Amino acid sequence: MARNLEKMASIDAQLRLLAPGKVSDDDKLVEYDALLLDRFLDILQDLHGDDIKETVMECYELSAEYEGKRDPKKLEELGNVLTSLDPGDSIVVAKSFSHMLNLANLAEEVQIAYRRRIKLKRGVFADENSATTESDFEETIKRLVVDLKKSPEEVFDALKNQTIDLVFTAHPTQSVRRSLLQKHGRIRNCLAQLYAKDITPDDKQELDEALQREIQAAFRTDEIRRTPPTPQDEMRAGMSYFHETIWKGVPKFLRRVDTALKNIGINERVPYNAPLIQFSSWMGGDRDGNPRVTPEVTRDVCLLARLMAANLYYSQIEELMFELSMWRCTDELRARAEELHRNSRRDAKHYIEFWKQVPPNEPYRVILGDVRDKLYQTRERSRHLLTNAISDIPEEATYTNIEQFLEPLELCYRSLCACGDRPIADGSLLDFLRQVSTFGLSLVRVDIRQESDRHTDVIDAITNHLGIGSYREWSEERRQEWLLSELSGKRPLFGPDLPKTEEVADVLDTFHVIAELPSDNFGAYVISMATSPSDVLAVELLQRECHVKNPLRVVPLFEKLADLEAAPAALARLFSIDWYRNRIDGKQEVMIGYSDSGKDAGRFSAAWQLFKAQEELIKVAKEYGVKLTMFHGRGGTVGRGGGPTHLAILSQPPETVHGSLRVTVQGEVIEQSFGEEHLCFRTLQRFTAATLEHGMKPPISPKPEWRALMDEMAIVATEEYRSIVFQEPRFVEYFRRATPELEYGRMNIGSRPSKRKPSGGIESLRAIPWIFAWTQTRFHLPVWLGFGAAFKHVIEKDVRNLHMLQEMYNEWPFFRVTIDLVEMVFAKGDPGIAALYDKLLVSEDLWSFGERLRANYEETKSLLLKDLLEGDPHLKQRLRLRDSYITTLNVCQAYTLKRIRDPSFHVKLRPHLSKEIMERDILESNKPAAELVKLNPASDYAPGLEDTLILTMKGLAAGMQNTG
């Protein structure tokens, strides 16, 4: 293969020009990226010929020239190249650039892991920008002991009492198919091994062949989901991370915690039942606006998770039986083993099989053999219930609660310790105990989420049926009075004769599923759009009426700006109700939504209101003697509350974490956090270390003058944001023309519709597609809009405010994080690309509106930033390396959208080609590229356009490293 073609050399040169010199001596990013690109271009040439390879390189060069000079003419030249392609070739080129961006991401991940290993060898614990993005657990506790003079015992006590609950959600933000993610993992492993120091020439050759094989396999895999996933599919995809990394990652991480504690003088291990890390899920439980999540789906995903848990335990228990072959034990354990022996003899068949495997002088194996048998029965019963809805295995033969499962394991642990075998007890058995305590019998606890109006509908149907009026029309005071009277009584409110709409039946059937399944399947019942105490009391009453034996804790979710402002007063009214205070036993959870608040008021105002709301909610809880847990509904992008974990936690107001934290892990963030073993380890480390540090070293509270300035700025920012997004008469029209929002649903990346309601404007659009659309065009409007007006207002009002803003940035973590994340978004943005979308897709009478927005963008950028990313050369290098790939996809997407939305555009470009002629040419063509067009014959677009569009969306999502 002619790898040293002139064009290839040109691309390699471009790569190196974009990243002049190395950021540091150990930086291999350019080398990794060039190697993967080289291998891919060879594969592309073999599969599709010289012409396609030449086209890809030409597009790359034009993009690089644009990135160097920002000359719009280069975008036009690039557009001419792309629109001249046949449909099949267009798909191949879009797929190639999407694939190259995924390879660039893999090169970056390998480089980060490499740099981290180098730093750890040198005794430097923090990754990337030192402590600003990373929390090494050992370094954190050393800092607490040495710098803050905390005693090791204080650190240990705080640690073993803190709880972090990571809630996996199936929000449609993972644009990469699971089958591709697995291939990407193998590419990443091959690349890392190729650069190992002890690699032999033969190993290198074999690894290089494996690398090429995996790159080709990924390229030949269809990137596009042809049908939307079901909620069960989403659950299986989410649970696959437990199989691959989390299951073994948790005990491995807890061992590292033990080691770190030992290094500061604590010779005691973290108790196996300390709730340090917990996992929950919204997959199959989040029914807010998702008609596909039915009661049957919730039942299925709970049983599926239970089946997966039993299977994981069962596959591990025999290894533990093999290890615990010793005969010394306590009298208590020996008596139990003998009892099991006697009981097993009563069943001759069972007796023969059992003692073939377990000699009578190995008591631990007898105990664990019984555990294994019950796990088998537990697994099979879940399988039967999942597939047939009934099982002939009696419930008594299975584990029904975690205490039953832990008891024989604890017995083995105590016996080993009592007989002088603690080192053995603290091996695999301790790991297993920690897994059981962490994952339970359900693997994850499923949260149920439903909108408050749906509960109102049910109660309204009940009151109308009882003939006492319409609950919906009652005042809040009357609602509370009636709900409390019923909660204090015992009479049933309705029977089978209750008239039910489909929606009412769905809500009641969900409560019946909660009542039917074991209580450890479920976590919280989250009420979205919650505004008043009656929203919470209604759910409490419905749980009682549907015979839920262990009622789920009820969690109000405050999302929009007005709801966040009213949240403290609503919580105070709720806590003032004696019945409710007795019900919660001094503990309450409140969820705050980052996504909808940002869509409602813009990033700046939402961030400040979320900060203030948390402060006020904690004050209310303290007043009533309630411990409050904040549940953070954060997305992956900055516009939806995303950002580095360490910073996100440490920038929260003082006393709002307090050793207890719940946070959503959404979409592509799950892969970024748990896709590989080392990523899983770092994620658990970050959350644990930052939560501990926040509790033992709370961040400073903002000064009164800072608060006053923030309040003033927030008012201006909100007015600016809403004046454009909600009050500009033609904004919705502009948004839908200038972005691919209307085409978002064709990606099939989630089971949930993109809108809560089929009709409506921005207010009805979910936050994910709202952010997604602006991210695709690299304009990021929801993140920065309002910042510029706010900063300009306070600086022009009093020049001394500039000094105060600088003081806030240097001393206040919340403000620094807010500005730094916007800075990062500006680094990824490009108004020149947004201008191309306007030129091609927006009507001329709206061009001036787009120009005004871009002028606002530039003004905001200049006000906030002086030297973009000067403090982060590594990020600057990574962005430069991927920019040219991204630009090609942007241009391809813009012109493809033009061709989709304006069918006459085909004729303008190539008047001799009608849709019918193109279809005929595709069918008659022998070119490999033409085969790709046939993958989607049912599309209502011209041949090849839908796949090309979706591939650009996926590629840009990979390039921007977020989708929503």
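What you are looking at is a predicted structure, and each value in this text was computed from that prediction instead of being measured.
Using a 4.5 Å heavy-atom cutoff, the side chains of Gln614 and His632 are in contact. No side-chain heavy atom of Leu557 sits under 4.5 Å from any side-chain heavy atom of Ile527. Contact check for Pro740 versus Gln893: side-chain heavy atoms found under the 4.5 Å cut-off. Side chains of Thr55 and Cys59 form a contact here, defined as non-hydrogen atoms less than 4.5 Å apart. Put simply, the side chain of Asp820 reaches to within 4.5 Å of the side chain of Tyr809, judged on heavy atoms. In this structure, the side chains of Leu85 and Ile91 stay at 4.5 Å or more apart for every pair of heavy atoms. Side-chain contact between Pro231 and Met283 is absent, with no heavy atoms from C-beta onward closer than 4.5 Å. Side-chain contact check for Arg882 versus Asn105: some heavy-atom pair is nearer than 4.5 Å.
Within the 3.5 Å criterion, the main-chain N or O of Leu897 finds no donor-acceptor partner in the side chain of Arg899. Within the 3.5 Å criterion, the main-chain N or O of Pro72 finds no donor-acceptor partner in the side chain of Glu76. Under a 3.5 Å cut-off, the side chain of Arg449 and the backbone N or O of Trp282 do not form any donor-acceptor pair. Ser673 places a side-chain N or O within donor-acceptor distance of the main-chain N or O of Val669, the cut-off being under 3.5 Å. Side-chain atoms of Arg292 never come within 3.5 Å of backbone atoms of Thr230 as a donor-acceptor pair (strictly under, hydrogens ignored). Of the possible donor and acceptor atoms, one in the side chain of Thr775 sits under 3.5 Å from a partner among the backbone N and O of Ile771. Proximity of a side-chain donor or acceptor of Tyr885 to a complementary backbone N or O of Ala104 within less than 3.5 Å is not detected. No donor-acceptor distance shorter than 3.5 angstrom exists from the side chain of Asp535 to the backbone of Ser452, with no hydrogens or angles considered.
A side-chain donor from one of Thr887 and Glu67 sits under 3.5 Å from a side-chain acceptor of the other. No side-chain N or O of Thr896 forms a donor-acceptor pair with one of Thr948 less than 3.5 Å apart. Side-chain atoms of Tyr66 and Asp830 include a donor-acceptor pair closer than 3.5 Å.
When the side-chain hydrogen bond (donor to acceptor under 3.5 Å, both in side chains) test is applied to Ser605, the partners found at least two apart in sequence or on another chain are Thr718. Legend: residues meeting salt bridge (Lys or Arg N to Asp or Glu O under 4.0 Å) with Glu77, ordered by chain and number and at least two apart, are Lys74. Qualifying side-chain hydrogen bond (donor to acceptor under 3.5 Å, both in side chains) partners for Glu720, counting only residues two or more places apart in sequence or in other chains: Asn856.
Taking 4.0 Å as the cut-off between side-chain N and carboxylate O, Glu743 and Arg901 count as a salt-bridged pair. Using a 4.0 Å cut-off between a side-chain N of Lys or Arg and a carboxylate O of Asp or Glu, Glu733 and Arg730 qualify as a salt bridge. Arg854 has a carboxylate O that lies under 4.0 Å from a charged side-chain N of Asp838, or vice versa, which qualifies the two as a salt bridge. A salt bridge links Glu728 and Arg852; the closest N-O separation between the charged side-chain nitrogens and carboxylate oxygens is under 4.0 Å. Taking the charged nitrogens against the carboxylate oxygens, Lys560 and Asp600 have no contact shorter than 4.0 Å, which rules out a salt bridge. Taking the charged nitrogens against the carboxylate oxygens, Glu712 and Lys797 do have a contact shorter than 4.0 Å, which makes a salt bridge. Ion pair Lys792/Glu859 flagged as a salt bridge, since at least one NZ, NE, NH1 or NH2 atom sits closer than 4.0 Å to an Asp/Glu carboxylate oxygen. Salt bridge status for Lys612 with Asp711: present, with a side-chain N to carboxylate O gap under 4.0 Å.
Ring orientation note: the planes of Phe604 and Phe791 are nearly perpendicular, at an angle over 60° on the 30°/60° scale.
Between atom OG1 of residue Thr531 and atom CG of residue Asp453 there is a gap of 8.5 Å, rounded to the nearest 0.5 Å. For the atom pair CD1 (Ile886) and CG (Asp883), the distance works out to 5.5 Å, reported to the nearest 0.5 Å. In this structure, the separation between OG on Ser862 and CZ on Phe826 is 8.5 Å, given to the nearest 0.5 Å. The distance from the CZ atom of Phe558 to the CG atom of Leu610 is 12.5 Å, given to the nearest 0.5 Å.
Outside the 6.0 Å centre-distance limit, the rings of Phe787 and Trp784 are not counted as a close aromatic pair.
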Is there a side-chain contact (heavy atoms from CB on, under 4.5 Å) between Met710 and Met808? Walk through the geometry before answering. CA-CA 10 Å; Met710 286 294 291; Met808 290 159 64; 3.7 Å; yes
Can you list the steps and then say if Thr777 with Thr739 is a side-chain hydrogen bond (donor to acceptor under 3.5 Å, both in side chains)? CA-CA 7 Å; Thr777 64; Thr739 73; over 6 Å; no
Might you work through the side-chain contact (heavy atoms from CB on, under 4.5 Å) test for Ile724 and Leu785, ending with a clear yes or no? CA-CA 9 Å; Ile724 291 174; Leu785 184 59; 3.8 Å; yes
Between Tyr895 and Leu840, does a side-chain contact (heavy atoms from CB on, under 4.5 Å) hold up when you go through it step by step? CA-CA 7 Å; Tyr895 277 92; Leu840 293 174; 3.7 Å; yes
Pair Thr952-Phe97, side-chain contact (heavy atoms from CB on, under 4.5 Å): steps then yes or no: CA-CA 8 Å; Thr952 64; Phe97 277 90; over 6 Å; no
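For the ring pair (Phe, Tyr, Trp, His ring centres under 6.0 Å) criterion with Phe735, the lone passing option out of Trp774, Tyr837, Phe849, Phe779 is Trp774.
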